[in-house]
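Report on the following structure.
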Amino acid sequence: MDGEKIIYGGKIFRGNLDFLENGLAILIKGKKIAAVGKFEEYILNYPDAEKIDAENKTIMCGLIDSHRHIVAPSSVEISTELITNGTIIGFTEAKSALFSGITSVRDPGCKHMGIFTVKRAIDDGLIPGPTVYPAGPNLAGTAAPASWRNYFVDGIHEIRKAVRYLFSSGSTWIKVVVSQATPESGWKDYIQFYSQEELNVAVEESHSLGLRVSGHIEGNEAVRAVTKAGFNAIEHGLDIDQPTLDEMVKRNVHFVPTLTWALEKKEMGFISKMKFPEFQIRIDNHKKTVVRAIKAGVLIAAGTDSPIPISRPGCLIDEMILLSECGMTSAESLRSATLNAAAVLGIEDHVGKIEPGFDADLIIVDGNPINDLRVLKKIDLVIKHGEIVQR
Ligand SMILES: [Zn+2]
């Protein structure tokens, strides 16, 4: 049968176990993993299948970046230049992500509807790229920064209408710009752009359409407000206290801390040198929040939010390394970019594990990522939906 492949000879990280397994082969049929078991049996039953030798290598699920803007540029105005530039960057970014082993991306926002076109072009096979789960333009109160990826709506009626519009436009989840620290206060004070009532309605409307809700959220008060409102996840989420983290666990609120975001912002010159000491405190505090979140048992997914137009190759691996520095085991770090990321998207029933019936999104790497996450920076082979990605 067409599309049958057998991967054999390597060690396997299944996703749900904490160790690598030996002596197993993976049978792929079409876009799906058909079975995990004995090579001899598959070779007998499927003599014409394509054979992939993974001797001395590790096979694991394709990576998921839980916070990557494929169509990166934003601005106050949606101009022709912005859209054209975004399309070029979107194409390059999608290709670069897939080639570095990222088979799915949770895209947290684009200023305009261009991301839906890029997603369709990838799905139709016109351009190479990961499967994109786009939020589209972000719901934001009028007090939020004009130059972000915002879609300005205020009050419960406008919010309901905006969620419905995004749903029909192709958003697979809803992102709300909820709060931000002010640089003037040395990132100590936070402004919240939506009231509790508005947050509640954003959740109610999204959930009634089967969409998950997350938000750009900074500061403990805002995290408390969205947790109460029923948000499914939190992006960034700085300075979260212990009772709020415990509440997040209780209500199954997921967390995408984007540790590399703050670091790269500093390195890329987004922060004025005058503000460096205060910004370093902010980075350190964020790490402390993540350490406590891991201890509390919050489900955490790795997301990069790389601020440069094209993400630096390997930035997702750096995020996973930072998460391990905050207390995750290597296996947990691997899950933060596979199974946990799938859970944040609500697709963990068919993505993020090597199990029969799951999507055949796989990578093969030289070496053992449990011993050293850095081996993921050099991917040997990428398989997306059962097809070998030609680089
Ligand atoms: Zn972002």
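One-based numbering, in listed order, for ligands and for the atoms of each.
- Y133 carries K119 over the face of its six-membered ring, with the cationic atom under 6.0 Å from the centre and within 45° of the normal.
- Coordination check, H69 versus the Zn ion (ligand 1): passed, since an N/O/S atom of the residue sits under 2.8 Å.
- A donor and an acceptor atom, one from each side chain of N220 and Y190, are nowhere located under 3.5 Å apart.
- No side-chain heavy atom of I33 sits under 4.5 Å from any side-chain heavy atom of D359.
- Here H67 reaches the Zn ion (ligand 1): one of its N/O/S atoms is less than 2.8 Å from the metal.
- Contact annotation: D305 places an N, O or S atom under 2.8 Å from the Zn ion (ligand 1).
- By the 30° and 60° cut-offs, the orientation of the rings of F39 relative to Y8 is parallel.
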